[in-house]
Student: 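One structure coming up, written as C-alpha cells, with questions to follow.
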Amino acid sequence: MTPQKMDAVEVFAAGEKGRGLRTTKEMKTGEVVFVEASFAAVVFDSMSMHVCHSCFRRQVNPHRCAQCKFAHYCDRTCQRAAWEEHKHECAAIRQHGKAPSENVRLAARALWRMQKHKGKAFDTQLTTLDLLEDHISAMSPEDLKQLKVDVDNFQNYWQGNSRQYSTDYVSHIFGVINCNAFTLSDQRGLQAVGVGLFPNLCLVNHDCWPNCTVILNHGSQTALDSALHSQRRIELRALETIPEGAELTVSYVDFLNVSKDRQKLLKKQYYFDCKCEHCSNGIKDDLMMAVKETDGKKPSADLVKEVTDFSVEALAKIEQARIEGNFHEVVKICRECLGKQEPVLAETHLYQLQVFRVISEVLSYQQSFQEAAEYARRMVEGYRKLYHPNNAQLGMATMRAGVTHWHAGLIEAAHGLICKAYAILIITHGPHHPITKDLEAMRTQTEMELRVFKENEYVYHSMREAVLSNKHMSTRLVKSK
C-alpha cells in the first residue's frame, strides 16, 4: 500500500493487526506525536445536564438549549460555537420527542459530519469511518441483539432527514463506535463525561506495554495549531524514545490484570487475540499473583487459594457497600480482608492492591489521613513494580498519595510523592494540561512548607495546626449562619 502521511506519522500494513501507524522520525519521551480534534462526540446520557455539550467542561448551572431542551452549554458563546454541530441534532430531538441514547446520538453526529465533508473532515485525517473495522462478524449473539436495537432506534431518530441509510451501513457505523470510540473526560481529566470518535487514533494498535499514551486536552497550548485550541481533542504522547519507523502503540485496557484476563477482555471488547510480548510471555504475571515469603518459605497452595477466594468475595462486598454509600462498612470489610491477605499475599498482588486503593480513598474521604496515607504509600509502591514507569495511572495514583500525605502533615513524604507524580504527568499530560498545572502549584507549595519544616519542625506544625483550626472555625461559622 502507498503510505499516507501526517506530520511525523504514516499509515502502514501491520500484518495480522491490519493497518497501523508508525513514526517517520525519532520521537522523544513526552513529545506530542500528533493532535486530533474529535470527528464527532457526545456527552454521556447521565451527564447531559451537568456538562457543556460543546467543550465538555463540567458546569454547576449550564445554559440549556431553548429549542430541544436537551443540550446544555457553559454560556451562549459555547452554544453559538456548537450550533453548526447541534442544529441537525436539535431538529431531530424535537421531531423525535426526546433525545435517544448516547450511541445513537454519536452515530447521527458522525453521519451528519460525513454528509457535510464526504467522510473526511480534516486535511490531516488519515482514514474515514467507512474504512475502519466494525468486527460485526465476530460479535456474540448478545452484542448482535444490542446492535439491532441501536440500529432500529437510530432509524426512528433519523427518519426526518432527507438522506436515508441502509441497515447494513448504519450497523457498520455502530460497529465502528463499539470498537473505536474513545472516552472523554472533563476539563481536569478526573471524570469520564462523554464519548467521541477520532479516526487517526483508531489506527493506533494496542500493546499492553505501549510506547504512547492518549490524553484529552481541552486547554490552550501555544505550541500546537491554534485552530484546535477550543475543540475537544486528544494528544498522542510518547512514553519513551521511539525510533524512526517504529510502530506507535497504546494500551486499550488497564495493565493491572494478568495476561489471560487482559487477553479475555480485549477479545470480548475489541475482537482480537493479543499477542504482545507481555501477554505472550506472561511478563509480571508472577508479581501480580505473588505470595509472601517468610524465611524463604511460601504459604501452602491451600492457604493461598483460601485467601484469594476470600478476597474475591470481599471485593464484591466492598463494591456493593460503596455503591450503597456505606463507607464505614467498606472500611470494616477492607480491614478484615487485609487481615487475611497481609500474612499470605505479596504487596504486588492484585487483590491486595485493590483493597489498598479502596481503603485509602475512603479513609481520605473520612479525613483519617494518617491511616489513609500508609495504605496509599503501600499501593503506590506496588504500582511502581508493575506499571510502565511513565504510566498515567501510576502518575495519578502517586499524585493522590502525595495529597493524602500532605493532608496528614507528612510533608517530606508528600513533597517526594508529588515530585514523582509531576515527573510522570509532565510526560503523559504535558506542561499545559490543567492536572499538570495543579500539580506544579502543589509542588511549589509543598517545597515551601518543606523548607519551613526543615528549619523548625515545631514552627511548621504550629502553623499547620493554626491553619487547620481556622478552617474548622470557618466551617463552624458558615454552618451557624
Student: Quick test of your reading: applying side-chain hydrogen bond (donor to acceptor under 3.5 Å, both in side chains), list the pairs with at least one residue in residues 347-358, sequence neighbours left out, ordered by first then second residue.
Tutor: E347-R378
Student: Compute whether any side-chain donor of one residue and acceptor of the other, for R163 and Q115, lie under 3.5 angstrom apart.
Tutor: no
Student: Starting at CG of L203, measure out to CG of N180 and round the result to the nearest 0.5 Å.
Tutor: 8.5 Å
Student: Apply the side chain to side chain donor-acceptor pair (under 3.5 Å) test between Q79 and each candidate in H63, H86, H72; give the one that qualifies.
Tutor: H63
Student: According to the salt bridge (Lys or Arg N to Asp or Glu O under 4.0 Å) rule, which pairs have a member within residues 246-256, sequence neighbours left out?
Tutor: K17-E247
Student: Using a strict 4.0 Å threshold on nitrogen-to-oxygen distance, state whether R443 and E440 make a salt bridge.
Tutor: yes
Student: CD1/I427 to CD/E240 distance, rounded to the nearest 0.5 angstrom?
Tutor: 10.5 Å
Student: Where is the tightest heavy-atom contact between C212 and L248, given as atom of each residue plus distance?
Tutor: SG-CD2, 3.7 Å
Student: With a 4.0 Å cut-off, would you call K260 and D285 a salt bridge?
Tutor: no
Student: Quick one: list whatever passes ring-ring contact (aromatic ring centres under 6.0 Å, His included) with H388, sequence neighbours left out.
Tutor: W209
Student: What heavy-atom pair brings R237 and G430 nearest, and what distance separates the two atoms?
Tutor: NH2-CA, 3.2 Å
Student: Listed by chain and number, what are the side-chain hydrogen bond (donor to acceptor under 3.5 Å, both in side chains) partners of D207, not counting sequence neighbours?
Tutor: none
Student: First locate atom OG1 of T444, then atom NE2 of H415, and finally report the distance between them rounded to the nearest 0.5 Å.
Tutor: 9.0 Å
Student: With sequence neighbours left out, what residues match Y165 under ring-ring contact (aromatic ring centres under 6.0 Å, His included)?
Tutor: W158, Y169
Student: Which pair of heavy atoms, one from H433 and one from L216, lies closest together, and at what distance?
Tutor: NE2-O, 3.2 Å
Student: How about R19 and T127: does a side-chain donor come under 3.5 Å of a side-chain acceptor?
Tutor: yes
Student: Run the ring-ring contact (aromatic ring centres under 6.0 Å, His included) test against H53 and tell me which residues pass, sequence neighbours left out.
Tutor: F70
Student: Regarding W406 and E449, do their side chains bring together a donor and an acceptor under 3.5 Å, going by distance alone?
Tutor: yes
Student: About how many Å separate CZ of R80 and CG of D75, when rounded to the nearest 0.5 Å?
Tutor: 8.0 Å
Student: Report the C-alpha distance between E381 and R384 in whole Å, list the side-chain angles of each, state the deciding distance to 0.1 Å, and finish with yes or no for salt bridge (Lys or Arg N to Asp or Glu O under 4.0 Å).
Tutor: CA-CA 5 Å; E381 285 180 358; R384 281 200 197 116; 5.6 Å; no
